Amino acid sequence: MRTGATGPGIAAQSSYGGTPFMPPNSQSWGLYRGTGLPGATQEEWPQAPAWRSFGGGPELPPPPVDDPCAPAVLGTISQPLPAPPDEVARVNVALHLRRPLLVTGEPGTGKSSLAYRISGELGLGPVLRWPITSLSTLREGLYDGPHEGPHEGHDASEYGGGIRLGPLGTAFLPYRRPRVLLIDRLDRAEIGLPEDLCTVLTAGGFSLPDRTVRCRAFPVVVITTTGERDLPSDLVRRCVTLRTQRPGPNLLRAIAANRFPSEPGRPGPAPDAVDAFVERAAATEGPVLERFLDALRLAADGVLQAVAEDGDWQEAVDTLWQWTAPEEP
């Protein structure tokens, strides 16, 4: 009987969704290779276009290289996920032109994780994440204050006056190399925020009560949206656009290999369990990635084997798939 609980390591297949995956050429024109490996690129950054050079200063010390949030977002570095060539090309266009990257797609297609891939590969430090809600304002993203007394927060001490910079404000500080800013789910915002954001992106900086802050290197801005609400054309035309695709069978297998690497004492889900849940995911409408990973986690923990002992193995697979559904079946 199939166990679905333990087995040999899952081998990532070299294709993306059904299209053969071609690793980015090492002689590519772009800085970003899409390998997911830190230090994969050693080239100097290309000179910014004259109309995207802002000359802020004085230059600040670089941030720490390691991002404590990256492992939870990206999984194991030993099994990096393949990047589709079109995604790699569009990221590089955004880097060369110093334009934001507007990433659209359904949940679970890697929109937010792209910011962490870029930062990790290019060594740009912790991602500055700004999660957007219907109540978010430009001021919230730029800074908070002034307050009386000391406040904790990145770069608060440099600006004094009790001012604490937000993720957007921190991204536009005058670092020599760009920071990575993730503006997550901008389509949740009221229409005024995307319009206000255009002023900062165009000026390369913002004003505090007693001074002007301008970037030295324009940040790598990744804006995500599910497309539920149209964004203003003034913002969209300033961005390089990218649409992420629903993960196909081969990418799901690569994700399984990334999230459940073969390690001594920590067996992952067996290949037959992976194949079974890949089939269920392919036949399911809507976002499936989190559900797919949850089902594999249960299989790796022996739940699939325990359920299958009382009946048919395929019925046990269906049972776990139902358990991980976001709504009651």
Side-chain angles (χ1 to χ4, degrees), residues 12 14-17 19-54 62-63 65-67 70 73-75 77-105 109-129 171-172 175-183 201 204 215-225 235-245 247 250-251 254 258:
S14 59
S15 57
Y16 180 82
T19 302
F21 169 64
M22 298 176 63
N25 192 309
S26 61
Q27 302 302 317
S28 169
W29 54 271
L31 288 169
Y32 179 67
R33 306 287 196 253
T35 64
L37 300 175
T41 304
Q42 300 296 329
E43 290 90 339
E44 288 294 323
W45 284 67
Q47 185 174 356
W51 56 92
R52 300 298 292 164
S53 182
F54 300 100
V65 174
D66 293 335
D67 188 339
V73 175
L74 299 177
I77 295 296
S78 62
Q79 294 269 12
L81 295 177
D86 181 65
E87 176 183 297
V88 175
R90 289 175 184 267
V91 168
N92 280 313
V93 169
L95 296 180
H96 273 252
L97 298 180
R98 273 52 168 194
R99 288 168 60 184
L101 190 66
L102 178 59
V103 188
T104 306
T109 54
K111 301 185 300 296
S112 300
S113 63
L114 179 59
Y116 291 86
R117 289 169 65 97
I118 295 170
S119 185
E121 184 174 319
L122 301 183
L124 300 179
V127 171
L128 300 165
R129 181 173 178 263
F172 280 88
Y175 294 104
R176 184 180 67 85
R177 303 182 75 212
R179 298 296 303 270
V180 176
L181 171 66
L182 171 60
I183 304 177
L201 298 176
C215 67
R216 191 175 186 88
F218 190 81
V220 179
V221 182
V222 178
I223 302 171
T224 72
T225 170
L235 174 66
V236 175
R237 68 182 176 85
R238 288 176 167 84
C239 300
V240 175
T241 59
L242 169 66
R243 177 171 291 277
T244 57
Q245 301 300 316
N250 291 320
L251 181 57
N258 173 272

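Predicted model only: the values in this text are computed from it and were never measured.
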When you compare the side chain of [Y] with that of [X], does any pair of heavy atoms fall below 4.5 Å?
X	Y	value
Pro84	Thr244	no
Arg179	Pro126	yes
Thr241	Thr104	no

Which residues pass the side chain to side chain contact (heavy atoms under 4.5 Å, CB included) test with [X], sequence neighbours left out?
X	result
Arg52	Pro49, Phe54, Arg98, Phe218
Val93	Trp29, Leu97, Val240
Arg129	Tyr116, Pro131, Leu182, Asp184
Asp86	Arg90, Leu242

Distance, nearest 0.5 Å, that separates [atom1] of [X] from [atom2] of [Y]:
X	Y	atom1	atom2	result
Leu181	Leu101	CG	CG	12.0 Å
Glu87	Arg243	CD	CZ	14.0 Å
Tyr175	Leu124	OH	CG	12.0 Å
Leu95	Ile118	CG	CD1	6.0 Å
Leu201	Leu235	CG	CG	6.5 Å
Glu121	Leu31	CD	CG	9.5 Å

When you measure from the side chain of [X] to the backbone N and O of [Y], does any donor-acceptor pair fall under 3.5 Å?
X	Y	result
Ser119	Gly125	yes
Asn258	Ala254	no
Arg176	Arg216	no

Considering all heavy atoms of both residues, which atom of [X] and which atom of [Y] are nearest to each other, and what is their separation?
X	Y	answer
Cys239	Ile223	SG-CD1, 4.3 Å
Ala115	Val127	O-CG2, 3.8 Å
Arg238	Pro100	O-CD, 3.3 Å
Pro178	Ala217	N-CB, 3.7 Å
Trp45	Leu122	CZ2-CD1, 3.9 Å

Residues forming a side-chain hydrogen bond (donor to acceptor under 3.5 Å, both in side chains) with Thr225, sequence neighbours excluded: Asp187
All salt bridge (charged side-chain N to carboxylate O under 4.0 Å, His left out) counterparts of Arg99, not counting sequence neighbours: none
